[in-house]
Asks: 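Just passing along the structure, written as structure tokens.
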2 protein chains.
Amino acid sequence: MSLDGPTMDERVPRDFETLRATILDRRESLPKRIAQIAAYALDNPDDIAFGTAASIAASAGVQPSTLIRFAQQLGFDGFTSLQQVFRERLRERNSSYDERLQALRAKAEGGAGHRAIFDGFVAAASTSLNDISRTLDDAHLEDAISLLAKAQTIYVLAKRRSYPVASYIAYALGKLNIRNQLIESAAGLNAEMIAFATPADAVIAISFSPYAPATIEEARTISEHGVPIVAITDSSFSPLAQFARVWFEVAEADFAGFRSLSATMALAMAMTVGVGEKRRDIGRKRKA
Amino acid sequence: MSLDGPTMDERVPRDFETLRATILDRRESLPKRIAQIAAYALDNPDDIAFGTAASIAASAGVQPSTLIRFAQQLGFDGFTSLQQVFRERLRERNSSYDERLQALRAKAEGGAGHRAIFDGFVAAASTSLNDISRTLDDAHLEDAISLLAKAQTIYVLAKRRSYPVASYIAYALGKLNIRNQLIESAAGLNAEMIAFATPADAVIAISFSPYAPATIEEARTISEHGVPIVAITDSSFSPLAQFARVWFEVAEADFAGFRSLSATMALAMAMTVGVGEKRRDIGRKRKA
DNA sequence: TATGGATTGGAATTATTATTTCATATTCCC
DNA sequence: GGGAATATGAAATAATAATTCCAATCCATA
């Protein structure tokens, strides 16, 4: 308005991260009460998003006017515009991951650099995690864990895309001192390995469409020998579901032609650690 | 207040899901304009959470008074209390994963069943993903991809906990027709394998504390031969960081003693697919 | 088609909330 | 220690938003 005043055209933070950085940056030089509200804002961003100037000021132990001065000091013209940033943050975070994923796919295809690809994989993983925590059936998890906890040896069966999960399960079972056998395809000794399994053992089998024929074949053989199978797969039409005593449907989002493994991993780890716990409990009871 | 009025003690929905169910349930019997705002509310919950009665009404194409009647019909005493439910929903969803993770850890340790364990792993994965998407340096990613895109053969080096990531990288590189060699410990031929690597190749090495000695040893040897290394590790003190041409710091949250792999996986996939793209681009240029 | 009840639109009213102002207190520098 | 500049508190004011009210309209039913 006036020509003499400081022009104040210092960049006003428009997004939360910039704002956060700005605040942290100036933290030292802020007056006491302003610093107090600044700290409160970063600690309780949700309150800023939803509260009224009066309620926030009260929670932070300052006057409403201080809150407004804080906003102005950051370059906003009032509390309301500062609040917008905090609200936008909630919107962003909350905006359906699916939508974001769509956008990112488009962006990546448009050749928007490698950051877009990375963001895409992160979004795919997040989507998958959201999804599975909505859909996982607690009772199935309990069943699977009980079944596996009773097994003498746990066989882990997975090829190709699912193999990383299997190898992590094997690693974790090993660390928990649970006897296990990873059925790899490397040496071609799978048939022999499988022949050792008895109904007192159990199998964790993982396979997604297009199902690796070897996995299906081995699962069939092993189930015909009466060994119970816990399966992780992607649909009720999966051949694995047929052979399994307990099975989980996991829908992983994909990006750039590769599916996420995050949901499968989370489930696999929960099963593994669950079995470890259950075994400890049983051990304790036996002693008592 | 009055004794004669309808007591209105029909359950007022306190959480979003109940509210949603209530609305869907009554949908048929609602008057036209009320139905219109009801549909809008379920389609744009964020707008309800943040907007003012006037702005929402305008977006939905109704009068503010209709919005209030809608709220009252549901048993709320006004728009404001209806809005609370929509705001609470955002808070819930958004409640910092870290806090949730803390709570879940406590719950799981208190022996609250296996669902809590599962939720813990999901939360750990989500936290890690959030973290890495905040901290990843785009320039490093570009550097790593350029470096790997030039390599004749990409060697993938990881043991124990990191091995699943390595195997997924190898799988993905294979699918993309990029020559690669997974350095496994199985047959004990690692030293020989490594000896084949030349400065025209490149290595992706992954290791987290406690760093598997074999990984470190092999990384050292290979870097001494002048083969460039891209490392994924967990701190700048990591011995891997020393040998690496480019390295990434990835902080994975842990739960029940096992770290998530989700952030590492996302980064690994972005690198892999990024290399695939870059190669295609180069191929196209050569032709042109 | 006339009639009563329900529904709707729009403006008036009331309540709430942000912002400004000014007196008082604190801090910092000479 | 004095004085100017800055910071703070509290209440007044202005702005904005929610709610209510009433007239107009629509709709079903006789």
Side-chain angles (χ1 to χ4, degrees), chain A residues 1-2 4-6 8 10 12 19 23 26-41 44-88, chain B residues 1-2 5-6 8 12 19 23 26-41 44-88:
Chain A
M1 225 166 288
S2 65
D4 47 11
M8 269 291 184
E10 40 172 336
V12 178
L19 177 59
I23 292 174
R26 301 202 198 158
R27 186 160 45 170
E28 298 305 324
S29 66
L30 292 174
K32 193 168 58 159
R33 291 274 117 112
I34 308 270
Q36 189 174 328
I37 187 69
Y40 182 86
N44 309 65
D46 288 11
D47 287 356
I48 307 281
F50 290 123
T52 68
S55 72
I56 295 163
S59 306
V62 301
Q63 292 289 327
S65 43
T66 306
L67 179 46
I68 284 157
R69 287 183 196 117
F70 168 58
Q72 290 171 340
Q73 200 146 118
L74 289 167
F76 297 96
D77 53 53
F79 166 68
T80 310
S81 13
L82 170 71
Q83 193 177 39
Q84 286 313 107
V85 175
F86 284 79
R87 294 189 162 181
E88 205 46 51
Chain B
M1 224 169 282
S2 65
M8 270 292 186
V12 178
L19 177 60
I23 293 174
R26 301 200 197 162
R27 184 160 45 169
E28 298 306 322
S29 66
L30 292 173
K32 194 168 60 162
R33 292 281 107 111
I34 308 269
Q36 190 175 327
I37 186 70
Y40 182 86
N44 309 66
D46 287 12
D47 287 357
I48 307 282
F50 290 122
T52 68
S55 71
I56 295 163
S59 307
V62 300
Q63 291 290 327
S65 41
T66 306
L67 179 46
I68 284 155
R69 288 194 270 263
F70 168 58
Q72 289 171 340
Q73 200 146 116
L74 289 167
F76 297 97
D77 53 55
F79 165 69
T80 311
S81 10
L82 170 70
Q83 192 177 40
Q84 286 313 107
V85 175
F86 283 81
R87 292 188 164 180
E88 204 45 53

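Chain naming here is simple, since letters A, B, ... match the order of the sequence lines and numbering starts at 1 in each.
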Asks: How is A/Ile34 classified with respect to the nucleic acid when contacts are heavy atoms under 4.0 Å: base, sugar-phosphate, or nothing?
Replies: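 Sugar-phosphate only.
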Asks: As an exercise, state the distance from CD1 of B/Ile48 to CZ of B/Phe70, rounded to the nearest 0.5 Å.
Replies: 7.0 Å
Asks: Whole angstrom is fine here: how far is it from NZ in A/Lys32 over to C1' in C/dC28?
Replies: 15 Å
Asks: Give me the atom names and distance for the closest heavy-atom approach of A/Ala60 to A/Ile37.
Replies: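 Looking at all heavy atoms of both residues, the closest pair is CB-CD1, 3.5 Å.
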Asks: Reading nucleotides 9-25 of chain C 5' to 3', which nucleotides get B (base under 4.0 Å from a protein heavy atom), which S (sugar-phosphate only), which -?
Replies: BB------SSBBB----
Asks: Applying side-chain hydrogen bond (donor to acceptor under 3.5 Å, both in side chains), which residue pairs with at least one partner in residues 30-40 of chain A are found, sequence neighbours left out?
Replies: A/Arg33-A/Gln36, A/Tyr40-A/Asp47
Asks: Round to the nearest Å and state the distance from A/Leu67 atom CG to D/dT8 atom C1'.
Replies: 14 Å
Asks: To the nearest 0.5 Å, how far apart are CZ in A/Phe50 and CD in B/Glu88?
Replies: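 Output value for this atom pair is 8.0 Å.
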Asks: Without decimals, in angstroms, what is the distance between B/Ile56 CD1 and D/dT19 P?
Replies: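 That distance rounds to 11 Å.
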Asks: Might you point out which heavy atoms bring A/Arg26 and A/Leu74 nearest each other, and give the distance in Å?
Replies: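 Closest approach of A/Arg26 to A/Leu74: NH1-CA, 4.1 Å.
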Asks: If you look at every heavy atom in A/Ala57 and A/Leu67, which pair is closest and at what distance?
Replies: N-CD2, 4.3 Å
Asks: Rounded to whole Å, please give me the gap between CD in B/Gln36 and P in C/dT7.
Replies: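 In whole Å, C/dT7 P and B/Gln36 CD are 15 Å from each other.
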